[in-house]
Each structure stands twice: as C-alpha cells, then as structure tokens.
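Order of the sequence lines sets the chain letters (A, B, ...), proteins ahead of strands, with each chain counted from 1. The figures here come from the full heavy-atom set of this structure, side chains too, leaving out hydrogens, waters and symmetry mates.
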There are 2 protein chains.
Amino acid sequence: MTNSNEDIKCPVASTLKFIGGKWKTVILYYLTSGKKRFGEIAVRIPTISRKVLTQQLKELERDGLIFKEQYKEIPPRVEYSLTDLGKSLNLVFKEMSNWGLENVLNKK
Amino acid sequence: MTNSNEDIKCPVASTLKFIGGKWKTVILYYLTSGKKRFGEIAVRIPTISRKVLTQQLKELERDGLIFKEQYKEIPPRVEYSLTDLGKSLNLVFKEMSNWGLENVLNKK
DNA sequence: CATTTTAGTTACTTTTAGGTTACTACTTTT
DNA sequence: AAAAGTAGTAACCTAAAAGTAACTAAAATG
C-alpha cells in the first residue's frame, strides 16, 4: 500500500498502510503466538520468498510493529516479536480473523 | 491482493483478499453511511481515477460486498450500497478505524 | 578440508496494480 | 444544432510489489 491516499483522512486506510500488502498480516498474525526466528517464519509461510520476507520484516520493524533481536552467534540467530504497538493490533486481527473464518474459510 | 496465499489458511489473510488493495476499504467505509451514486463516490475520493473506481466496484460487487442498482434513465443513474455481507464487515472496520485514529491520525 | 548451518544480500525479471487520455451512448436543456 | 450530463469503456503506459537464482559470512562438525 502506497501513501497516495494519505490525503484522504480515512482511519481505515491509515491502518491498512501498516498491515496492508500481501504478507504482513500473515506474519503479524503468526507472531501473536510468540517470538519466532527468521527460519521458523519462512517455514510456516512457505510460499513467501526469503527476499520478500526480509523486506516485509524490515518494514514492520521500521513501522514499529515488530522488534528484532540479533544474537551474536554463528550461525546467526535472529528473533522477531511483536512490540506493544504490534500487540495493539490484537482487536483488529481478532475481528478480521472472525470474519475470515465465518465468511471465507468455513464457507468453501 | 492475489490469491497465492490461499494455500495458507490464515483467516486474517482471507479477509484481506476481500478488502485489501488501495481503495476498497475507503469505498466500503464511505458506503457505510448509505447508498451512493458513482459520481458521489468519485467526488468523495478525488484521488482515485474513474477507471480504477469502476474496477474496484466491480470486484466488490463480484465478491458480494456491494450491490449495484442501475436505473434505466438518461443520463444514467447507478447506485451502490452495502450488501449484508458488506455490512458484516462493520466490526472489522470499527477496529481498524479505532486503531488508525489512535495510532496514526492523532499521532502526527 | 569440505560441508553444514542461518540469515540474509544482489542483480535481474515478471506480475500486478494503478494511472492517463480519449472516447461512447442517449436524452434533456439552451 | 450544439452542449451538458452520467457512467462508464478501450488502449496504452508506469510504478510498485513480488519472484528467482545465485551468492556471502563465519564458525562448527565430520
């Protein structure tokens, strides 16, 4: 989601600027179950390429939704977790999840 | 939003397939205040081109979120309104709206 | 000394979304 | 006879998002 609809002060669109895009919600939703390593996320979401995963994680970090912990180990270990801001999306995800379950997943 | 993450049964991503994209939430959110004509929507969201507006409305209609009424008049009159399914997104929008207000619009 | 392991990066290509401009249909109004 | 009004469509173009494949660092393991 670009920022050209910033001129429209739509609070819903504002939120989508943070969690819009093909993968962010999936990543964030997975992180609601706790801290995860890069590789764990990649395995859990096999259809995302590592390049794109890296990009999305960077953006989520830049936007303050997730926190990145790097351990100075070899081989490297990196863990991602939700920040308070990320956790504050909780209710949003809950409603989206409910809707998706009721109207999409349990429909087909 | 494409459907390549359909394989992942993420209820949140499922919902985004319906309301993801740059404009859909803005359109739907506007329609929560009642039936609107094509031109009214276009005026209200001036940064969207008419081509894209048409496209988005078609997709929303295809997905069963909005209903299109065409009056056989000249000049033409077309009205769009939320279907029951569209209205059922109410809670989702409410939470997204809250989050956007608290964390984006009132922050800057 | 070759291999494995993890979390990436780089360069390049493809796909998708969105945008621009010009055009149409049909009636009413001037 | 010309212009205005509405809701589009068609052809074309651009930018952004996503994908692919090959590569890297540095230590540990066999």
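- In this structure, the separation between CD on Glu69(A) and OG on Ser81(A) is 6.0 Å, given to the nearest 0.5 Å.
- The distance from the CG atom of Leu65(A) to the CG atom of Leu57(A) is 11.5 Å, given to the nearest 0.5 Å.
- Among the heavy atoms of the strands, none lies under 4.0 Å from Glu40(A).
- Glu79(A) comes within contact range of no nucleotide atom at all, as no heavy-atom separation falls under 4.0 Å.
- For the atom pair CG of Leu91(A) and OG of Ser97(A), the computed distance is 12.0 Å after rounding to the nearest 0.5 Å.
- The aromatic rings of Trp99(B) and Phe18(A) sit perpendicular to each other, their planes meeting at more than 60°, with 30° as the lower class boundary.
- Here the CD1 atom belonging to Ile66(B) is positioned 11.5 Å from the NZ atom belonging to Lys58(B), to the nearest 0.5 angstrom.
- Note: CD (Glu69(B)) to C1' (dT6(D)) measures 16 Å, nearest angstrom.
- At dG19(D), none of the side-chain N or O atoms of Gln55(A) fall inside 4.0 Å of OP1 or OP2 (strictly under the cut-off).
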Contacts under 3.5 Å, N or O only, protein and nucleotides 8-10 of chain D:
unit_1 : atom_1 : unit_2   : atom_2 : d
dG8(D) : OP1    : Lys68(B) : NZ     : 3.2
dG8(D) : OP2    : Tyr80(B) : OH     : 2.8
dT9(D) : OP1    : Lys58(B) : NZ     : 2.9
dT9(D) : OP2    : Lys58(B) : NZ     : 3.4

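- If you take CD1 of Ile27(A) and P of dA18(D), they are 10 Å apart, rounded to a whole angstrom.
- Atom pair Arg77(B):CZ and dG5(D):C1' shows a separation of 14 Å (rounding to whole Å applied).
- Checking dT30(C) for Watson-Crick or G-U wobble geometry (two distances, each under 3.5 Å) identifies dA1(D) as its partner.
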Return the polar atom pairs (N/O with N/O) between nucleotides 25-30 of chain D and the protein under 3.5 Å, or none.
none

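- Distance check, rounded to the nearest 0.5 Å: CG of Leu60(A) to CG of Leu28(A) gives 5.0 Å.
- When the P atom of dT27(C) is taken as reference, atom NZ of Lys72(B) falls 12 Å away, rounded to whole Å.
- In the model, Glu40(B) has no side-chain atom that pairs as donor or acceptor with a side-chain atom of Tyr30(B) under 3.5 Å.
- For Arg37(A), no side-chain nitrogen or oxygen approaches OP1 or OP2 of dT6(C) to under 4.0 Å.
- A salt bridge links Lys24(A) with Glu59(A): the closest approach of a Lys/Arg side-chain nitrogen to an acidic carboxylate oxygen falls below 4.0 angstrom.
- When the C1' atom of dG8(C) is taken as reference, atom CD1 of Ile41(A) falls 13 Å away, rounded to whole Å.
- Distance, Trp23(B) CH2 to dA17(C) C1': 12 Å, rounded to whole Å.
- We find that NZ of Lys36(A) is positioned 18 Å from C1' of dA7(C), with the value rounded to whole Å.
- A side-chain N or O of Lys36(A) and one of Ser33(A) form a donor-acceptor pair less than 3.5 Å apart.
- Atom CG of Leu53(A) is separated from atom C1' of dA17(D) by 15 Å (rounded to the nearest Å).
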